[in-house]
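Here the structure is laid out as structure tokens; the discussion comes afterwards.
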Amino acid sequence: MNVSPEAIQAVFAGLVALVGAVTAWQQKKVNELTARVVELETQMEEERGKFKAAVRVIRGLQRYIDDLCAAMRRAGQDPPANPVTIPPELEDEI
């Protein structure tokens with residue numbers, strides 16, 4: 001079987017074009033995923049900020065409740081039982 005140099009060159013040119021197309025597609029996907037990662041990291045930072053703010057509010061409310069309960073005890077009254085149980089996974093945060 002005798003293959004001409006033109007045929008070999010055409011086959012390799014086709015392979016180069018195919019590899020180029022696959023590489024371009026991969027680069028497009030990498031760029032899309034990189035943009036998505038940046039978006040998710042930004043969103044995570046925003047959510048982390050909201051969580052920290054919520055923890056500050058909860059801590060403040062807990063101090064307020066503790067102060068109210070102490071005032072009730074000083075006045076000779078029993079404060080009502082706390083209906084809320086802090087989950088174990090949040091105890092260190094709050």
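These numbers come from a predicted model, not from an experiment.
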*How many angstroms lie between CG in N82 and CD in Q62, if you round to the nearest 0.5 Å?*
6.5 Å
*Looking at OG1 of T42 and CD of E39, how far apart are the two atoms once the value is rounded to the nearest 0.5 Å?*
8.0 Å
*Treat each ILVMFWY residue as a node, draw an edge where side-chain heavy atoms are under 4.5 Å apart, and state whether I8 and L15 are in one component.*
yes
*asked:* Please give me the minimum heavy-atom distance between P79 and M72, naming the atom from each residue.
replied: CA-CE, 3.7 Å
*Looking at CD1 of I58 and CZ of F51, how far apart are the two atoms once the value is rounded to the nearest 0.5 Å?*
7.5 Å
*Quick one: do L90 and V55 end up in the same hydrophobic cluster if we chain Ile, Leu, Val, Met, Phe, Trp and Tyr together by side-chain heavy atoms under 4.5 Å apart?*
yes
*Once you round to the nearest 0.5 Å, how far does CD of E41 lie from CZ of R36?*
11.5 Å
*Treat each ILVMFWY residue as a node, draw an edge where side-chain heavy atoms are under 4.5 Å apart, and state whether M44 and L40 are in one component.*
no
*So which of Q26, E32, Q27 actually passes side chain to side chain contact (heavy atoms under 4.5 Å, CB included) with K29?*
E32
*Show your reasoning for whether side chain to side chain contact (heavy atoms under 4.5 Å, CB included) applies to Q77 and R73.*
CA-CA 5 Å; Q77 297 177 343; R73 286 186 187 100; over 6 Å; no
